[in-house]
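Heads up: the structure comes next, in structure tokens.
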Number of protein chains: 2
Amino acid sequence: MKFTPDDFAKELKSKNIRLSHQRLKVLEYLSEHKCHPTVDQIYTNLLKEIPTLSKTTVYSTLGALADAGMVKAINIEDNEIRYDITVEDHGHFKCESCGAIYDFPADMAHLESEVLSGFKIRDKNVYFKGTCPMCLANKN
Amino acid sequence: MKFTPDDFAKELKSKNIRLSHQRLKVLEYLSEHKCHPTVDQIYTNLLKEIPTLSKTTVYSTLGALADAGMVKAINIEDNEIRYDITVEDHGHFKCESCGAIYDFPADMAHLESEVLSGFKIRDKNVYFKGTCPMCLANKN
DNA sequence: ATACAAAGTTGTAATGATTACAATATAATA
DNA sequence: TATTATATTGTAATCATTACAACTTTGTAT
Ligand SMILES: [Mn+2]
Ligand SMILES: [Mn+2]
Ligand SMILES: [Zn+2]
Ligand SMILES: [Zn+2]
């Protein structure tokens with residue numbers, strides 16, 4: 001919605017990242033699936049469109065895009081990295097029942113502590129865990 | 001400092017967790033090493049005192065203690081779980097240069113969002129990444 | 001348009017943390 | 001002390017991620 005393939009191409013160029021079909025498709029997938037997919041989900045789904053796609057490419061692409069600040073890696077569980085094309089500060093809620101990850105606004109500025117006065121902060125993360133309304137309803 | 005082995009024994013009993021030498025040692029190690037050690041660090045160091053220790057035991061022990069709320073698993077990087085005996089809410093700062101993890105006070109209550117009104121929140125996490133003062137100084 | 005060099009992609013194999021499981025040992029209880 | 005449930009151990013399996021070398025594509029200069 002917010003981005004067209006052309007927008008992605010321009011942004012990649014502006015960041016001196018070479019344009020490739022695979023990179024554009026990964027960006028397109030993330031912009032159309034804001035559910036914070038895993039590498040495997042991205043790979044499996046893109047495979048339908050790009051039968052020659054390699055999982056290594058998905059890893060390296062996401063790594064490059066993350067380095068460039070175009071996507072953000074989400075570490076909530078230790079056994080999976082998820083990716084988010086929304087790089088603006090916000091919190092994540094992971095439902096322990098259905099596994100869904102929800103976004104919520106989080107005021108990161110409020111978290112600043114005088115204890116960190118001498119630190120250079122590059123990245124801020126907030127995540128909660130619990131049960132989502134849908135799963136709470138299903139239990140009754 | 002805060003806990004003696006006896007305190008741990010009492011707390012385990014109160015939670016109906018069986019008392020074992022290994023569990024007490026893991027708790028003792030965490031209370032004496034608040035640097036958020038990895039499973040492997042805990043294992044390697046306890047091996048000196050308990051030559052028969054198995055890494056599987058360290059995993060299962062930490063899992064049981066985490067389920068009981070006596071320790072907290074810290075997921076910052078995707079390739080390592082760290083453990084913290086401080087279970088009260090606080091934030092973590094990971095230095096990307098030296099790898100050290102620092103504690104800082106974080107007002108989690110402020111993060112509550114009306115978006116989460118129907119959610120049951122069980123666990124809140126805040127972590128930052130960047131460079132610590134020591135590493136910043138060393139760069140000059 | 002063509003050619004070249006740098007960078008990206010692919011497939012496969014290696015790595016490394018975590019888990020599964022069956023045999024053995026220990027802890028709690030009577 | 002005997003019994004039973006649970007914990008520990010060692011080994012093998014799992015599975016996400018990374019390393020690497022051959023091949024392909026992209027960006028750029030001719
Ligand atoms: Mn998000
Ligand atoms: Mn801590
Ligand atoms: Zn749910
Ligand atoms: Zn540092």
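The chains referred to below are lettered A, B, ... by the order of the sequence lines, with proteins before strands, and numbering in each begins at 1. These figures come from a predicted structure and were not determined experimentally.
Between A:E11 and A:K13, no side-chain nitrogen of the basic residue sits less than 4.0 Å from a carboxylate oxygen of the acidic one, so the salt-bridge criterion is not met.
In this entry the distance linking OH of B:Y83 with P of C:dT18 reads 8 Å, nearest Å. Between A:L47 atom CG and C:dT9 atom P there is a gap of 15 Å when expressed in whole angstrom units. Atom CD in B:E77 sits about 14 Å away from atom C1' in D:dT17, given to the nearest Å. The interatomic distance linking B:N16 (CG) with C:dA27 (P) rounds to 17 Å, in whole Å. Distance, B:E80 CD to C:dT18 P: 8 Å, rounded to whole Å. Rounded to an integer number of Å, the gap from B:L62 CG to C:dT19 C1' is 14 Å. One can place OH of B:Y59 at 3 Å from P of C:dT18, the figure rounded to the nearest angstrom. Atom NZ in A:K15 sits roughly 19 Å away from atom P in C:dA7 (whole-Å rounding).
The residue A:T38 sits apart from the nucleic acid: no heavy atom pair falls under 4.0 Å. Residue A:D78 is in sugar-phosphate contact alone, with no base atom involved, counting any heavy-atom pair closer than 4.0 Å across all strands shown. Within the nucleic acid shown, B:T61 comes within 4.0 Å of sugar-phosphate atoms alone, with no base atom in reach, counting heavy atoms only. As judged by a 4.0 angstrom heavy-atom cut-off over every strand, A:S20 is placed among residues touching the sugar-phosphate backbone only.
A:K72 and A:N125 share a side-chain donor-acceptor pair at under 3.5 Å.
Mapped onto DNA chain D by nearest heavy atom, B:I17 and A:R18 fall at different nucleotides, with B:I17 at the one closer to the 5' end. When each of A:V58 and B:D40 is assigned the nucleotide of DNA chain C bearing its nearest heavy atom, the one mapping closer to the 5' terminus is A:V58.
Side-chain N/O atoms of B:Q22 include none lying less than 4.0 angstrom from OP1 or OP2 on C:dT26.
When each of D:dT9, D:dT18, C:dT9 is scored by its nearest atom to the side-chain atoms of A:T57, the top-ranked nucleotide is C:dT9. Distance from the side chain of B:T56 is smallest to C:dA20 among C:dT10, C:dA20, D:dT17. Listed nucleotides: D:dT26, C:dG11, D:dG10. Nearest to the side chain of A:L19: D:dT26.
Ring geometry, B:H92 versus B:H90: the interplanar angle exceeds 60°, so the pair is classed perpendicular (tilted spans 30 to 60°).
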Residue pair A:E112, A:K124: steps toward the salt bridge (Lys or Arg N to Asp or Glu O under 4.0 Å) verdict
CA-CA 10 Å; A:E112 290 282 354; A:K124 298 181 181 185; 2.8 Å; yes

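Aromatic pair A:F93/A:Y127: centroids not less than 6.0 angstrom apart.
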